[in-house]
Amino acid sequence: MLLYHGSKSGIQGNIRPISREKCDFGSGFYMGDASDQPKGLIAPYPGNRFYEIEYNKDGLQEKIFGDDYISQLDWALYVAFNREPEVMMPYKNLCAKYKRYNESNDIIIGLIADDKMTQVMNLFFKGFMCDKAFIEALQYVKLGRQYVLKTGKACEEERFQIINEHKLSAEEIKLISAQNANRTIQLNNLINQIQTKYRRAQNVKFFDEIIQEWNK
């Protein structure tokens, strides 16, 4: 499969399942199936390198978050566990579940939650957006899926074939900046519309209710 990776200064040495701890899916090597998001992450850095990678995931233990309601809530709580562990700490059963996700899978596949999607997630986590509004917003924030390598097995050299590697051109950076600005405006408008739509909706749940229910 063809995947994309952005690096602030280029890949140095062997690929390893290491990154900042407080990332969407925890520490790992991150790739995505769409090119815009990794380009956006590395555009501000002068030493940036963008990679197109043919990757073979055969034989790996994988966790895939689907597109149904339960899977998307599971994805959101898992991202919360990795990004804000102090918030999730009181919910021991959920923490144990998501710790298993991190420790028992070679690769984890699910939606990308960049800073713009984080805006939506924070509204949900803080109780300002109900579950149905949150799920609908996720449908519009189309950043693709990320493939996060969690183990040495997933990072074996023979699984990777770098098809292309290059530094982003001035034209690419300019285009990415314009796309990001436009998407921010669209997302802000969308959030307002969705919030209005579900303001008096029946049969909805909020984060505090969901997390209590899921922690049982």
Side-chain angles (χ1 to χ4, degrees), residues 1-67 71-72 74-76 78-79 81-83 98 101-118 121 138-139 141-180 183:
M1 70 179 65
L2 182 62
L3 298 174
Y4 305 95
H5 174 77
S7 173
K8 297 175 183 178
S9 57
I11 297 173
Q12 308 295 326
N14 295 330
I15 291 173
R16 296 177 296 165
I18 296 174
S19 66
R20 292 182 295 107
E21 285 292 335
K22 290 188 176 183
C23 295
D24 294 350
F25 296 170
S27 182
F29 184 80
Y30 281 69
M31 298 182 287
D33 62 5
S35 62
D36 287 350
Q37 194 267 346
K39 285 182 178 179
L41 286 177
I42 64 173
Y45 299 92
N48 71 73
R49 305 297 292 179
F50 178 72
Y51 298 87
E52 298 178 23
I53 299 171
E54 188 67 33
Y55 182 74
N56 179 5
K57 67 181 183 69
D58 290 350
L60 296 180
Q61 178 68 36
E62 59 185 20
K63 168 63 184 176
I64 303 175
F65 290 97
D67 296 324
S71 293
Q72 290 183 333
D74 195 28
W75 167 88
Y78 175 58
V79 171
F81 169 78
N82 288 307
R83 284 195 173 196
Y98 295 132
Y101 281 7
N102 281 335
E103 295 178 350
S104 63
N105 292 288
D106 299 305
I107 182 171
I108 299 181
I109 304 166
L111 293 176
I112 295 170
D114 74 347
D115 290 342
K116 295 171 186 63
M117 187 182 282
T118 300
M121 295 179 70
L138 291 186
Q139 307 303 320
V141 185
K142 297 178 181 178
L143 300 171
R145 293 187 176 275
Q146 53 193 350
Y147 292 67
V148 182
L149 312 185
K150 303 289 288 183
T151 64
K153 181 179 180 181
C155 293
E156 292 169 341
E157 186 177 353
E158 56 269 23
R159 294 185 179 276
F160 296 85
Q161 182 182 357
I162 297 178
I163 305 300
N164 181 42
E165 172 191 353
H166 71 273
K167 177 180 172 64
L168 297 182
S169 67
E171 290 77 13
E172 283 180 291
I173 293 173
K174 183 178 179 180
L175 177 60
I176 290 164
S177 297
Q179 288 174 336
N180 284 344
R183 193 156 64 84

Please report the shortest heavy-atom distance between [X] and [Y], naming the atom on each side.
X      : Y      : answer
Cys155 : Ile15  : CB-O, 3.5 Å
Pro17  : Leu149 : CB-O, 3.4 Å
Phe50  : Ser35  : CZ-CB, 3.7 Å
Ser7   : Gly10  : OG-N, 2.8 Å
Gln146 : Leu111 : NE2-O, 3.0 Å
Ala154 : Phe160 : O-CE1, 3.9 Å

Consider only side-chain N and O atoms of [X] and [Y], and report whether a donor and an acceptor are under 3.5 Å apart.
X      : Y     : answer
Asn180 : Asp36 : no
Asp74  : Tyr98 : yes
Tyr30  : Asp24 : no

Taking atom [atom1] of [X] and atom [atom2] of [Y], what is their separation to the nearest 0.5 Å?
X      : Y      : atom1 : atom2 : result
Arg83  : Met121 : CZ    : CE    : 6.5 Å
Asn105 : Thr151 : CG    : OG1   : 9.0 Å
Arg159 : Glu54  : CZ    : CD    : 13.0 Å
Ile107 : Gln61  : CD1   : CD    : 11.5 Å

**Item:** Tyr4/Tyr51 aromatic ring centres below 6.0 Å
**Value:** no
**Asked** Does the separation of the ring centres of His5 and Phe29 fall below 6.0 angstrom?
**Response** yes
Main chain of [Y], side chain of [X]: is a donor-acceptor contact present, judged purely on distance under 3.5 Å?
X      : Y      : value
Asn48  : Pro44  : no
Ser177 : Ile173 : yes
Ser27  : Ser19  : yes

**Item:** side chain to side chain contact (heavy atoms under 4.5 Å, CB included) assessment of Ile53 paired with Met31
**Value:** CA-CA 9 Å; Ile53 299 171; Met31 298 182 287; 4.0 Å; yes
Are [X] and [Y] close enough that some pair of their side-chain heavy atoms sits under 4.5 Å apart?
X      : Y      : answer
Tyr147 : Tyr55  : no
Ile108 : Ile64  : no
Asn102 : Asn82  : yes
Ile42  : Leu168 : yes
Lys39  : Gln179 : no

**Message:** For the CG atom on Asn164, are there more than 12 heavy atoms of other groups (residues, nucleotides or ligands in this structure) within a distance under 6.0 Å?
**Reply:** yes
**Prompt:** Around Lys167, counting heavy atoms of other residues, nucleotides and ligands shown, do more than 12 lie under 6.0 Å from its NZ?
**Reply:** yes
**Request:** Run the salt-bridge test on Glu171 and Lys174 with the 4.0 Å N-O cut-off and return the result as yes or no.
**Result:** no
**Message:** Does this structure show an ion pair linking Lys150 with Asp106, if we count only N-O contacts that are shorter than 4.0 Å?
**Reply:** no
**Prompt:** What residues, two or more places apart in sequence or in another chain, satisfy salt bridge (Lys or Arg N to Asp or Glu O under 4.0 Å) together with Lys57?
**Reply:** Glu62
**Request:** Could you walk me through whether Leu60 and Lys153 pass the side chain to side chain contact (heavy atoms under 4.5 Å, CB included) test, one step at a time?
**Result:** CA-CA 8 Å; Leu60 296 180; Lys153 181 179 180 181; 3.8 Å; yes
**Request:** List the steps, then state whether ring-ring contact (aromatic ring centres under 6.0 Å, His included) holds for Phe65 with Tyr78.
**Result:** CA-CA 10 Å; Phe65 290 97; Tyr78 175 58; 5.5 Å; yes
